[in-house]
Asker: 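Have a look at this one.
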Amino acid sequence: MTIQDLSQRRPPQAELDPSKIAFGKMFAPNMFVCEYREGQWQNPRLEPLANFNLHPAAIVLHYAQAIFEGLKAFRQADGSIALFRPEKNAQRFHDSAVRMCMPPVPEELFLAAVSELTRIHEDHVPREPGSLYLRPVLIGTEACIGVRASSEYLFYALALPSGAYFPEAKNGLGSVDVLISESVVRAAPGGTGNVKAAANYAVTLKIISDAKHQNCAQVLFLDVSPEHRVEEMGGMNIMFVENGTLMTPPINSTTLPGVVRDSILVLAQDLGIPTREFAYPAAELFAKLKSGAITESFACGTAATITGIAHLLTERGEKFALPAPGPVSEKLYKHLTGVQYGRVPDLHGWRRTVVEAHSLV
Ligand code: COI
């Protein structure tokens, strides 16, 4: 399928200094758009970023039939630009669409959309530690108040020059405080916790906002099992270090299969760091934080990369301190960003070059 290029090229309107870009607010001037009608993907195109004309009864606005992805393009050490594991995002976008009763976007269309969107914005990709964050979205657009799947969809993608997700990590790894949610859950078995449904994020907003009053930048959710096992955070996965072993909850029906999570598990093995997929029951987590058996913890995700966790707080007012950033987190951060920015060999074929090296640096 050919993508029509109706984009208007213009240089960045503001300085692309990664330490000064607030995440999620600076947009590249063009977007990718494609409609689904009468059972077909139609008219894929790049065009100037503009508001959509959406019927007030569009199904997405009433019943949250919406999914999204997040992936990044990195300016490489040799001046080329590469996407990091976009095939994994294409696969997850497919799985999210199936779960939300939406027509899956073919992998070739997804990959062409994010590659072309990056290519036309090559001058909007900030230098390290920045990147171009890509946000593919799929929404149900049919005007219908009946509770059923839409027959029409909009697949679009935005590009955002980005620095750090957490301002606390603007110069690299950094660290944040995290509130452990004991009153709010984000997902339950049989729900949508293992796909990237927009509604998963809506239900976390209240407690994330409350957490900010305790100076916590994020919230860690526990699952609904009687043991209240550690699950994930509001938009990223979590890892711990215990006895030198990297621990992270396994992927199940309530945990999102994070691309960076998966990458870190593979890279840890490459580096000789033992890994174990295990979800601590809350009581065990608290005991191990108290005794010092857990020596490090960090958030990981496309937006967050690896961000150290300095304190874990409970809603009951307990506070556990951790050395952050810790040595294992630092080692993994250096290696992961080395692969993303092309400083270390790409042993697993994760970089997809979309702009070859040339004079633009
Ligand atoms: C990402 O890491 O790309 C995410 O989707 C998390 C978030 C910003 C919601």
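Just so it is clear, the values below take in all heavy atoms, side chains as well, and ignore hydrogens, waters and symmetry mates. One-based numbering, in listed order, for ligands and for the atoms of each.
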Asker: Counting from 1, what ligand 1 atoms have a heavy atom of F68 closer than 4.0 Å?
Answerer: 5 (O)
Asker: When you check the gap from the basic side-chain N to the acidic O, do E35 and R45 get nearer than 4.0 Å?
Answerer: yes
Asker: Assess the side chains of D270 and H348: does a donor N or O sit below 3.5 Å from an acceptor N or O?
Answerer: yes
Asker: Once rounded to the nearest 0.5 Å, what's the spacing between atom CE of M247 and atom CE of M239?
Answerer: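 Between M247 CE and M239 CE, I get 11.5 Å after rounding to 0.5 Å.
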Asker: Looking only at distances, please establish whether an N/O atom of ligand 1 is found under 3.5 Å from an N/O atom of Y165.
Answerer: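 No, no N or O pair falls under 3.5 Å.
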Asker: Side chain, backbone, both or neither: which part of K196 has a heavy atom under 4.0 Å from ligand 1?
Answerer: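 It is the side chain that gets close, since no backbone atom is under 4.0 Å.
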Asker: Nearest protein heavy atom to atom 6 (C) of ligand 1, by residue and atom, and its distance?
Answerer: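 For this ligand atom, the closest protein heavy atom is G235 O, 3.1 Å.
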Asker: Can the ring centroids of F286 and Y280 be said to lie less than 6.0 angstrom from one another?
Answerer: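 For F286 and Y280, the ring centres are not under 6.0 Å apart.
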Asker: Select one of side chain, backbone, both or neither to describe which atoms of R135 lie under 4.0 Å from any atom of ligand 1, heavy atoms only.
Answerer: side chain
Asker: Hey, what's the ring geometry for F110 with F93, parallel, tilted or perpendicular (30° and 60° as the breaks)?
Answerer: tilted
Asker: Tell me which protein heavy atom sits closest to atom 2 (O) of ligand 1, plus the residue, atom name and distance to 0.1 Å.
Answerer: A303 N, 2.8 Å
Asker: Could you point out which residue of Y36, F52, F32, F68 forms a ring pair (Phe, Tyr, Trp, His ring centres under 6.0 Å) with Y156?
Answerer: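 When Y36, F52, F32, F68 are each tested with Y156, the ring pair (Phe, Tyr, Trp, His ring centres under 6.0 Å) holds only for F52.
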Asker: How far is atom 9 (C) of ligand 1 from the closest protein heavy atom, and which atom is that?
Answerer: Y201 CE2, 3.7 Å
Asker: For atom 3 (O) of ligand 1, what is the nearest protein heavy atom, given as residue, atom name and distance?
Answerer: Y133 OH, 2.6 Å
